[in-house]
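Comments concern the structure below.
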Amino acid sequence: MDKLQITGGRPLRGEVEVSGAKNAALPCLCASLLTADAVTLENVPQLNDIGTTLRLLRQLGVKAERASQPGDRVVLEASRVESLEAPYELVKTMRASILVLGPLVARFGEARVSLPGGCAIGQRPIDQHIKGLAAMGAEISIEHGFVVARAKRLKGATIRTDMITVTGTENLLMAAVLADGLTVLENAAREPEIVDLAEMLIKMGARISGHGTDRIVIEGVSRLHGTTHRVMPDRIEAGTFLCAVGAAGGEIVLRNADPASMGATLDKLAEAGLAIECGTDWVQAGMNGRPRAVGFRTLEYPGFATDMQAQLMALNAIAEGTAVITETIFENRYMHVQELRRLGADIEIDGHTAVVKGVAGLSGATVMATDLRASASLVIAGLVADGQTTIDRIYHLDRGYEQMERKLLQLGADIRRVGGSGGQAR
Ligand code: EPU
């Protein structure tokens, strides 16, 4: 199993390319199921979660090929879908597999998706996906560990989810584009990744308005056609690099970024003392000395993203002052705390709240990654810590960060991958 070894204490300097957004690419790949025509996606990052999704789509019968040149392009064609089932083996490794449920039932009248089961960051049920499809007339049953949805043709409906759910909104959006009549999604998620998916669907012939607001209106059509779509830049990867320079010091420029989608992160980092400048597709950030502690609450977009919580906590661990952090989206997303403590951080947890008292320095140790964003926070801490930090189980990192160590090397970090395969995803 691969590990990362980081020797901390070097500032980060230079330029780095931001990859395409994992959480936009996943629904866009699944949207290819909605048409028999070819769909081309560009800016698709090479990550383990993308590899898992491509495997799932191929199992269903979709032709899905990553181009060798340029490697960020994936061509998909769902003209011969033979299976309507997402098996446990794939769903258990990646919950986002649930994103095939909406498109399959909308186009083929049936879908069987294994129930995801437990998850490291919280319970994460899929009841709202099910509630929405049922409101559109699907018959839903749980059979042998699978959620099975059947509908001759889905019917438009007004659906108000009990809470704001990102993949829930995406699933219902993909189901509604081929439904008969008008669907209104109320209390919809407003994340930029949803806007990206909606824009792709519109290019395929879908009639959608209100994406980016909490009320999305969809007028169903009988068929969609192929398209070419460029996946938006990854705002979480970009924010992770910014936290890294905030903690380690130095000055970096992010290329192919989308600062317009990063407002809450940029505000907090400016509050922490980073000097930040943005253009339409770049961000420049510099940090001199120690950052100031910044408290925050995670919220749905446009609030501060839960996917940035662990990384900004790592910055707070070495900041001047005390930060109070509240996680409101997932109930168990503090597993990085005990690992950060092993590096010398002073963090107390009380329910959903973490109190981080900044310390003058961290000291390198062996730590274990527990989930994707937790891994990223340990990398940031390792870049600052005195001596060597070894991060075990970095397959979590490979699920969602493309070439993290190569990019950090390019910025001057002392980081290397050891053991195991040494490689990254398809
Ligand atoms: N929820 C329910 N029932 C549902 C759906 C959600 O109770 O049917 C709850 C969840 O348990 C959670 C809250 O609602 O407490 C919000 O969950 P949401 O459905 O929005 O999360 P998700 O769609 O499963 C996506 C991202 C996550 C990100 C969250 C929140 C993808 C593939 N995943 O998950 O990304 O943390 O939204 O922004 O888009 C990551 O990239 O590291 C990651 C975990």
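Remember, it's 1-based here, ligands and their atoms both numbered in the order they're listed. Throughout, residue positions are numbered sequentially from 1 according to the sequence presented.
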So which heavy atom in the protein is nearest atom 21 (O) of ligand 1, and how far is it from that ligand atom? F330 CZ, 3.8 Å

For ligand 1, is R373 a contact, meaning one of its heavy atoms is under 4.0 Å away? yes

Any heavy atom of E331 sitting closer than 4.0 Å to ligand 1? no

May I ask which of [options] has a heavy atom nearer to [atom] than the others do?
atom	options	value
atom 14 (O) of ligand 1	H129, Q309, K131, M163	M163
atom 8 (O) of ligand 1	Q128, R333, M94	Q128
atom 6 (C) of ligand 1	D234, T165, T328	T165

Between A272 and L315, what is the shortest heavy-atom contact and its length? CB-CD2, 4.1 Å

Less than 3.5 Å between some nitrogen or oxygen of V166 and one of ligand 1, yes or no? yes

Would P125 count as a polar contact of ligand 1, with the cut-off being nitrogen or oxygen pairs under 3.5 Å? yes

Element-labelled atoms of ligand 1 that are located less than 4.0 Å from some non-hydrogen atom of K22: 40 (C), 41 (O)

Identify whether the distance between the nearest side-chain nitrogen and carboxylate oxygen of R255 and E17 falls below 4.0 Å. no

When you check the gap from the basic side-chain N to the acidic O, do R333 and E327 get nearer than 4.0 Å? no

Are there over 12 heavy-atom neighbours, none belonging to D162, within less than 6.0 Å of that residue's CG? yes

Near R153 CZ, under 6.0 Å, is it more than 12 heavy atoms from other residues, nucleotides or ligands? yes

